[in-house]
Amino acid sequence: MRSASQPPPANSRADPSAAPLLAAMDLLGQRWTLRVIWELEPGPLGFLELRRRMGNCSSSMLSVRLQRLVEAGVADKKPDKSYELTRAGRELGRALEQVWQWSERWAEQLERAGGGDA
């Protein structure tokens with residue numbers, strides 16, 4: 001891991017040590033990806049149920065996101081056509097739980113500072 005005091009390279013994507021983190025951020029930064037992981041975290045869901053829970057995410061977009069998560073080894077399509085997180089996906093879910101907890105503390109801090117609308 002890079003030291004916090006060490007600045008990132010000028011071209012972080014060219015830095016081989018940053019490649020896994022950047023690849024993960026590229027995956028997670030795609031719209032709806034985090035929501036899919038969030039919805040699958042409690043357990044497997046069929047496509048229709050997952051689509052229902054996703055609100056205004058289109059079926060085609062959900063299909064694309066699920067395909068990408070399966071290709072990345074984060075989710076798996078079961079024989080019954082439901083989707084579930086893989087071991088790597090569940091591990092990612094635990095890491096995202098930490099980010100969620102941090103975001104809650106951060107939002108409270110912003111609210112107390114009067115910057116909640118920033």
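- Between R65 atom CZ and L27 atom CG the span is 9.0 Å, to the nearest 0.5 Å.
- Looking at S63, its side chain does come within 3.5 Å of a backbone N or O of S59 through a donor-acceptor pair.
- V36 and L48 fall within a single hydrophobic cluster, where Ile, Leu, Val, Met, Phe, Trp and Tyr are joined by side-chain heavy atoms under 4.5 Å apart, directly or via other members.
- Side chain of R68 to backbone of T33: no donor-acceptor contact under 3.5 angstrom is found.
- Inter-residue side-chain proximity for L50 and M54 is flagged as met; some heavy-atom pair is nearer than 4.5 Å.
- Atom CE of M61 and atom CD of Q30 lie 9.0 Å apart (nearest 0.5 Å).
- A heavy-atom distance below 4.5 Å is found between the side chains of C57 and L62.
- Listed by first and then second residue, the side-chain hydrogen bond (donor to acceptor under 3.5 Å, both in side chains) pairs that reach into residues 86-99 are E97-Q101, sequence neighbours excluded.
- Expressed to the nearest 0.5 Å, how far CG of L45 lies from NZ of K78 amounts to 10.0 Å.
- Annotation: side-chain hydrogen bond (donor to acceptor under 3.5 Å, both in side chains) contacts involving residues 36-50, sequence neighbours excluded, comprise R35-E39, E49-R52, E49-R53.
- What you find for S82 and P44 is that their closest heavy atoms are OG-CB, 4.1 Å.
- Side chains of L69 and D76 form no contact here, defined as non-hydrogen atoms less than 4.5 Å apart.
- Using a 4.5 Å heavy-atom threshold, the side chains of W32 and N56 count as touching.
- Taking K81 as the reference, K77 meet the side chain to side chain contact (heavy atoms under 4.5 Å, CB included) condition, with sequence neighbours excluded.
- Of all heavy-atom pairs between L40 and Y83, the closest is CD2-O, 3.4 Å.
- Follow the hydrophobic side-chain contacts under 4.5 Å out from M25 and you never reach L92; the two are in separate clusters.
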